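Since the structure comes first, as structure tokens, the remarks are kept for the end.
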Amino acid sequence: MESGANIKRKREDDSTGRGHLQQKRIKLLESRQQLPIWHRQKGIRDALREHNVLILSGETGSGKSTQIPQFLLDQPWCRSKKIAVTQPRRVAAISLARRVAEEMGTPLGSSSPASKVGYSVRFDESTSPSTRIKFLTEGMLLQEMLRDKALSQYSCVVVDEVHERSVNIDLILGFLRQLQQTRRKDLKVVVMSATADVDSLRRFFAAKLSMPEEAPPTDEQPGGADDESWDGFSENDQLETTDIATCHVEGRQYPVVTQYLDNPTDDVIEAALHRIFQIHCKEPTPGDVLVFMTGQETIQALQKLIEDLAQGLTTDYPKMLVLPLFAALPQAAQQLIFQPPPRNTRKIILTTNIAETSVTVPGVKYVVDTGKAKVKQFRNRLGLDSLLVKPISQSSADQRKGRAGREAAGQCYRLYTEASYKTLDKDNKPEILRCDLSQAVLTMKARGVDDVLDFPFLTPPPQEAMGKALLQLLQLNALAEDGKISTVGRKIARLPLTPALGRVILEAATSDMDCLLEVIDIVACLSVEHIFTAVDTEEGREKAQIARSQLLRREGDHLTYLAAVQAYAEEQSDRRRWANEHMISHRAMQSVMDVRKQLTAQCRQAKLLLQDQEVRAATDEATQERILKCFLRGYSTKVARLCPDGSYKTFTGNQTVAIHPSSVLFGRKKVEAILYNQFVYTNKAYARDVSVVQLRWLEEMLQ
DNA sequence: TGCTATTCA
């Protein structure tokens, strides 16, 4: 019970706070009323009163992400429960929650018990008992579904950015449709997409739960089935469209003029250079240029070319400020994008597709698009990820183009012909057709989907890919012989890790192995970005070698990571300085510490770790051996042996693998066998995160 | 022997 004084004080706080919040709300109301979606609210409310599914298409700037939940909140069917709005990215979930709270005149999240809007992302949850609208990442909603399969606290789930077609989105859509047709016939689902093609979504929600047997595309065809539409439903499926409403909202974009090349080019860097200088010398400032490239290497090459050429520019022209943008770039360098350029200077931003979805660059009037991107594709038969440069899709090209029209009318220069634009795939290939499915399959099993081939997929993956995933889960003992999830599998599914890494954790917790804390440190490194800062010059490499010398372990990357985490954790005074001195990414290490804390807490909760267990002081040789054996348990198929010709060849498949240059074992003396966590094809097949193992250990594991 | 598109739990 609260005392009278407390209640009184709270009232005063609330009333002064409320006054301020209400002023803000009223101010924001005017701009909300300008949004294209504002005048559609009655239609949208009516649609969801009569139907359980609403498919809403609308380009950026329509206001759908912020307005839809507010339109629905006071509906009779919504009164007693929450609305969930999923987002692909953490920053989007948090900033949308902040914005909607302001628009509603309510405090955000856990700041006040009266708050109506909150958010939930990994490592950061801000909700209160009174939360009515909750923005969360897709991963968090899937996590919630482990504990509450029926999503009983929600009356409505809004799935945003569905056109991105991540595995998580596809899983969520499948689960939602199952729920709606079984124990949550009252659940409302709003699916929002930036692409206008909603036909496959409509058919997905209309089809009967038990789907007709389709022949999924076969895997491993060169180039894949690239020109097909990614739609698992054929025209003659019986439709029950009565329960589905669709709605299209126009965006609020300025016009963008598109210009193509007359003839194809085989040197896009040269073509980009040419176009950038044409824009710079011809067009007035202000007006920044955003150039879409494939990766760090080409970005840095072009940056040098531009800067060299810009030196020869006379003072009649504005100056050029070239800024690279890619995910591995340190945070401070990324922030330069948001600063206004100095006087009489034009910003030229060279970016990967990070600027297509994740980062909005202000001030851009001109977009130069090379039409290419690096795309990851999992090869089931080889058990390897390839990361190759591929042509983008039309919707990707249109997305890039749209970046020129956010603040004013703009121009888009495509460094390919109009004819080749027309040959591009319409949409991005869904991730579920491009990735290792073991985690998705385990996720389904853990949520009670016994027959995963019967799961309602928006795009069914090839049966071969499903088979591989099931096989891998069997090998990890995550599934029993009958295909049902095992106790081990349930424990793995709860961990925020791939099944293989989860299995390593469980192995480390056994009394035989007894090295869980050490393994958690290593696994934390493996599940974040690379902890060593990139070096691009010969000189830098030598400097890094010296700076990190105390941490490097000749046994390989795993024990090197362990040494780095332990040293970082021991550093009490200035961790940022320590990281800089050792040429280790402070940002990456902060994530490592977050993951480490979370995994430790989860292991305690799962009784894998005793409450009072502490890190051992030294890691002796016997412990090192047990640590690597734990990794062998999860990665038994990712082992290669040294062959007489000096190459490493995999045990399963006899393929050649090279040690990646980022590994501490790169350029070292050859050993009888290596274990690795990633098998990636770029220029050739590389093993990443590599350690030395003995063949004897492997034999022991097989017994 | 020479290198990592991008998210997320």
Side-chain angles (χ1 to χ4, degrees), chain A residues 86-93 120-125 136-146 161 164-169 171-172 292-300 325-329 351-359 372-377 385-390 392 396 428 431 434-435 439-440 442-443 446 492-499 501-502 527-538 541 585 588 591 594-595 598-599 602 645-648 656-663 665-670 678 680-689:
Chain A
T86 71
Q87 290 295 319
R89 285 164 286 279
R90 298 163 48 94
V91 276
S120 173
V121 303
R122 191 182 186 183
F123 308 128
D124 189 4
E125 169 152 2
L136 31 57
T137 46
E138 292 147 6
M140 288 303 288
L141 186 69
L142 285 170
Q143 210 60 33
E144 287 190 3
M145 292 186 79
L146 266 185
E161 313 276 13
E164 292 192 14
R165 293 300 304 277
S166 63
V167 174
N168 282 349
I169 285 179
L171 290 176
I172 286 172
F292 283 97
M293 319 262 302
T294 54
Q296 182 173 350
E297 195 184 338
T298 48
I299 285 173
Q300 285 168 342
L325 177 63
F326 46 87
L329 202 67
T351 182
T352 60
N353 44 15
I354 190 174
E356 210 180 292
T357 49
S358 310
V359 178
K372 299 278 201 291
K374 282 190 184 170
V375 181
K376 196 151 99 177
Q377 168 88 47
D385 269 318
S386 60
L387 186 62
L388 301 172
V389 173
K390 289 269 177 79
I392 60 173
S396 221
N428 292 343
E431 192 187 7
R434 299 187 288 110
C435 73
Q439 192 164 11
L442 187 63
T443 291
I492 294 176
R494 291 219 162 216
L495 295 169
L497 298 168
T498 62
L501 280 179
S527 59
V528 306
E529 58 178 309
H530 199 57
I531 63 166
F532 291 136
T533 48
V535 282
D536 38 17
T537 63
E538 184 74 18
R541 235 186 55 241
S585 158
S591 321
D594 282 337
V595 176
Q598 186 181 36
L599 289 177
Q602 283 184 327
D645 65 356
S647 70
Y648 290 106
T656 305
V657 291
I659 292 176
H660 194 274
S662 65
S663 170
L665 294 182
F666 179 78
R668 297 295 195 87
K669 190 173 166 297
K670 295 281 163 74
Q678 293 185 68
V680 193
Y681 189 94
T682 50
N683 294 318
K684 58 182 176 182
Y686 282 113
R688 302 193 60 175
D689 301 322

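The sequence lines fix the lettering, A, B, ..., with proteins before strands; numbering per chain opens at 1. This one's a predicted model, so the numbers in the text were calculated from it and none came from an experiment.
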Q. Given A:Glu356 and A:Ser396, is the side-chain hydrogen bond (donor to acceptor under 3.5 Å, both in side chains) satisfied, shown in steps?
A. CA-CA 8 Å; A:Glu356 210 180 292; A:Ser396 221; 2.4 Å; yes

Q: Give the intermediate values and the outcome of side-chain hydrogen bond (donor to acceptor under 3.5 Å, both in side chains) for residues A:Ser585 and A:Glu529.
A: CA-CA 9 Å; A:Ser585 158; A:Glu529 58 178 309; 4.7 Å; no

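Taking 4.0 angstrom as the limit, A:Arg494 places none of its side-chain polar atoms (N or O) nearer than this to OP1 or OP2 of B:dA9.
In this structure, CD of A:Glu161 is placed 13 Å from P of B:dC8, rounded to the nearest angstrom. What separates CG of A:Leu171 from P of B:dA9 is a distance of 15 Å, to the nearest Å. The distance between atom CZ of A:Phe123 and atom C1' of B:dC8, rounded to the nearest whole Å, is 10 Å.
For the pair A:Thr86/A:Leu136, a side-chain contact is recorded, criterion being any heavy-atom separation below 4.5 Å from C-beta on.
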Q | Heavy-atom protein contacts under 4.0 Å, nucleotides 1-6 of chain B, coded B base, S sugar-phosphate only, - none | A | BBBBBB

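Backbone-only contact: A:Thr137 has heavy atoms under 4.0 Å from sugar-phosphate atoms and none from a base. At the heavy-atom level, A:Gln439 lies under 4.0 Å from base atoms of the strands shown. Using a 4.0 Å heavy-atom cutoff across all strands shown, A:Val680 reaches no nucleic acid atom at all. Using a 4.0 Å heavy-atom criterion, one finds that A:Arg122 contacts the bases of the nucleic acid, with or without backbone contacts as well.
Under the side chain to side chain contact (heavy atoms under 4.5 Å, CB included) criterion, A:Asn683 pairs with no residue at all, not counting sequence neighbours.
No donor-acceptor pair under 3.5 Å is formed between the side chain of A:Lys376 and the backbone N or O of A:Asp385. Formation of a donor-acceptor pair under 3.5 Å by the A:Thr137 side chain with backbone atoms of A:Val121 is not found in this model.
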